Amino acid sequence: MSFSNEVKTELISAVTDKDKKFACLYGLIVFCNKITSDIICFQSENQEVADVFSELVSEIFRQSIEFTKDVTERKNGTSLYSFTINGSSQVSRITEFFKISPAKREIDLKNIDNNSLSNFIAGVFLGCGSITNPENGYHLEFVINSEQLCDDLTIILNSIGFPVKKAVRKNFYILYLKESENIEDLLTFMGAQ
């Protein structure tokens, strides 16, 4: 198991109560791969993250949201887990619940209880973050498919003391930290000791 996956396993174990689960799922959904008026698609190479996504959707929406799960085996031996929620009525139920506009995704801080900001950021990290093994250098990043979400997350992380840097790579917006102390503090903040 990679170091990044070990961190994600630890973050998942810290999502224990209703508010934490709500905030974590909000982070996973608002930063997911695709949201339109009739589809939500979440993808992960990490089976535990994929499982926690489906568990949180089922728990928070009381088993009333149907989704399809696909596993694609890649040539390099890894798997890609995809969850797709289809249908405008199901999608609007989720987007209205979390106050997400499919046309212009942005973070709505009213969705995040002060005590749950760490779990929201953990959800974002579970969905689009990675970290290198400290033995190979210090690097933590979020790979984001929306400039608006990237800017929103930058403001939040900067406001709580994490001076992230921004880059663009292959049509994705990258927020990253390279300083070991900042990375350790962010991991601790998100719930990974």
Side-chain angles (χ1 to χ4, degrees), residues 1-16 20-21 24-36 39-60 65-86 90-91 94 105 119-147 149-150 153 157 164-180 182-184 186-193:
M1 179 184 292
S2 74
F3 182 76
S4 193
N5 285 338
E6 287 177 26
V7 168
K8 290 182 179 188
T9 297
E10 193 167 342
L11 292 175
I12 288 167
S13 69
V15 180
T16 53
K20 291 177 179 180
K21 290 176 180 180
C24 184
L25 182 59
Y26 178 55
L28 286 165
I29 288 179
V30 78
F31 281 82
C32 75
N33 301 75
K34 181 178 184 180
I35 299 179
T36 67
I39 190 170
I40 294 174
C41 180
F42 174 80
Q43 296 179 318
S44 179
E45 294 177 350
N46 181 310
Q47 184 173 0
E48 280 186 273
V49 172
D51 290 344
V52 82
F53 176 82
S54 66
E55 289 165 13
L56 291 174
V57 168
S58 294
E59 184 176 335
I60 289 173
I65 299 292
E66 295 178 13
F67 49 83
T68 58
K69 176 182 177 181
D70 294 311
V71 180
T72 305
E73 301 298 327
R74 294 178 163 173
K75 291 179 183 176
N76 65 1
T78 63
S79 299
L80 180 67
Y81 302 90
S82 300
F83 288 87
T84 306
I85 299 166
N86 284 303
Q90 289 200 117
V91 170
I94 292 170
R105 277 194 273 172
N119 298 103
F120 167 74
I121 294 171
V124 175
F125 183 80
L126 290 172
C128 67
S130 66
I131 184 170
T132 59
N133 188 325
E135 295 173 1
N136 301 325
Y138 294 96
H139 186 84
L140 180 146
E141 70 179 25
F142 298 89
V143 180
I144 304 165
N145 61 9
S146 156
E147 187 172 17
L149 286 174
C150 182
L153 187 59
L157 290 172
V164 290
K165 295 183 174 100
K166 181 179 172 182
V168 178
R169 183 188 324 137
K170 296 181 183 177
N171 297 323
F172 288 96
Y173 301 90
I174 314 299
L175 288 184
Y176 65 93
L177 289 170
K178 285 191 172 284
E179 301 78 21
S180 62
N182 286 330
I183 291 171
E184 290 171 13
L186 182 56
L187 290 175
T188 301
F189 179 78
M190 292 189 296
Q193 301 301 317

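Just so we're clear, the structure is a prediction, and the values are computed from it rather than from any experiment. We're numbering straight along the sequence, starting at 1. Quick note: numbers below take in every heavy atom, side chains included, and nothing from hydrogens, waters or symmetry partners.
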Check: For L157 and L186, what are the C-alpha separation, side-chain angles and deciding distance, and is it a side chain to side chain contact (heavy atoms under 4.5 Å, CB included)?
Finding: CA-CA 9 Å; L157 290 172; L186 182 56; 4.1 Å; yes

Check: Within the side chain of T132, is there an N or O that forms a donor-acceptor pair under 3.5 Å with the backbone of G137?
Finding: yes

Notebook entry, point to check: With sequence neighbours excluded, what pairs up with T188 under the side-chain hydrogen bond (donor to acceptor under 3.5 Å, both in side chains) test?
Noted result: none

Item checked: Test ring pair (Phe, Tyr, Trp, His ring centres under 6.0 Å) applied to F189 - qualifying residues, sequence neighbours left out -> none

Check: Can you say whether the rings of F83 and F67 are parallel (under 30°), tilted (30 to 60°) or perpendicular (over 60°)?
Finding: perpendicular

Notebook entry, point to check: Short question: side chain of Q90, backbone of E66 - any donor-acceptor pair under 3.5 Å?
Noted result: yes

Check: When E48 is tested against each of I12, N5, L11 for side-chain contact (heavy atoms from CB on, under 4.5 Å), which residue passes?
Finding: I12

Next item on the list: Taking all heavy atoms of V49 and all of L126, pick out the closest pair and write down the distance.
Entry: CG1-O, 3.5 Å

Checklist line | By side-chain hydrogen bond (donor to acceptor under 3.5 Å, both in side chains) - contacts of S82 (at least two apart) | finding: Q43

Checklist line | Any I35 side-chain heavy atom under 4.5 Å of I29 side chain | finding: yes

Margin query: Show every salt bridge (charged side-chain N to carboxylate O under 4.0 Å, His left out) that has at least one partner inside residues 137-147, sequence neighbours left out.
Written below: E141-R169, E147-K166

Item checked: Pairing residues for D70 by the salt bridge (charged side-chain N to carboxylate O under 4.0 Å, His left out) criterion, not counting sequence neighbours -> none

Next item on the list: Please identify each residue that fulfils ring pair (Phe, Tyr, Trp, His ring centres under 6.0 Å) with Y173, with sequence neighbours left out.
Entry: none

Margin query: To check you understand the geometry: which heavy-atom pair defines the closest contact between Y176 and H139, and what is its length?
Written below: CB-CE1, 3.8 Å

Note to self: Once rounded to the nearest 0.5 Å, what's the spacing between atom CG of L140 and atom OG of S4?
What the structure shows: 8.0 Å

Notebook entry, point to check: Under 3.5 Å, side chain of N145 to main-chain N/O of N33, donor-acceptor pair present?
Noted result: yes

Notebook entry, point to check: Out of curiosity, F142 CZ to C128 SG, how far, rounded to the nearest 0.5 Å?
Noted result: 6.5 Å

Margin query: Using the ring pair (Phe, Tyr, Trp, His ring centres under 6.0 Å) criterion, which residues pair with Y26? Sequence neighbours excluded.
Written below: F98, F120

Next item on the list: Indicate the atoms forming the closest heavy-atom contact of I39 with V91, along with that distance.
Entry: N-CG2, 3.4 Å

Next item on the list: Identify the two heavy atoms, one from G191 and one from A14, that lie closest to each other, and give their separation to 0.1 Å.
Entry: O-CB, 4.1 Å

Item checked: Any residue meeting salt bridge (charged side-chain N to carboxylate O under 4.0 Å, His left out) with K69, in chain and number order, not counting sequence neighbours -> D51

Checklist line | Note, M190 side chain near V124 side chain (heavy atom, < 4.5 Å) | finding: no

Checklist line | salt bridge (charged side-chain N to carboxylate O under 4.0 Å, His left out) partners of E179, counting only residues at least two apart | finding: K165

Next item on the list: Applying side chain to side chain contact (heavy atoms under 4.5 Å, CB included), run through I40 and C32 and close with a yes or a no.
Entry: CA-CA 8 Å; I40 294 174; C32 75; 3.9 Å; yes

Item checked: Heavy-atom closest contact (C24 atom, L56 atom, distance) -> SG-CD1, 4.1 Å

Check: Minimum heavy-atom separation for A192 to V7, with atom names?
Finding: CB-CG1, 4.2 Å

Next item on the list: List for me each residue that meets side-chain hydrogen bond (donor to acceptor under 3.5 Å, both in side chains) alongside E45, sequence neighbours excluded, and say none if there are none.
Entry: R74

Note to self: Counting C-beta onward and ignoring hydrogens, is there a side-chain heavy-atom pair between F31 and L153 closer than 4.5 Å?
What the structure shows: yes

Check: To the nearest 0.5 Å, how far apart are CG in L187 and CG in N182?
Finding: 11.0 Å

Item checked: Residues N76 and T78: side-chain donor-acceptor under 3.5 angstrom -> yes

Note to self: For the backbone of C41 and the side chain of T84, can you confirm whether one donor and one acceptor N or O come within less than 3.5 Å of each other?
What the structure shows: no

Checklist line | Test side-chain hydrogen bond (donor to acceptor under 3.5 Å, both in side chains) applied to E59 - qualifying residues, sequence neighbours left out | finding: K21

Next item on the list: Applying salt bridge (charged side-chain N to carboxylate O under 4.0 Å, His left out), name anything that partners E10, two or more places apart in sequence or on another chain.
Entry: none

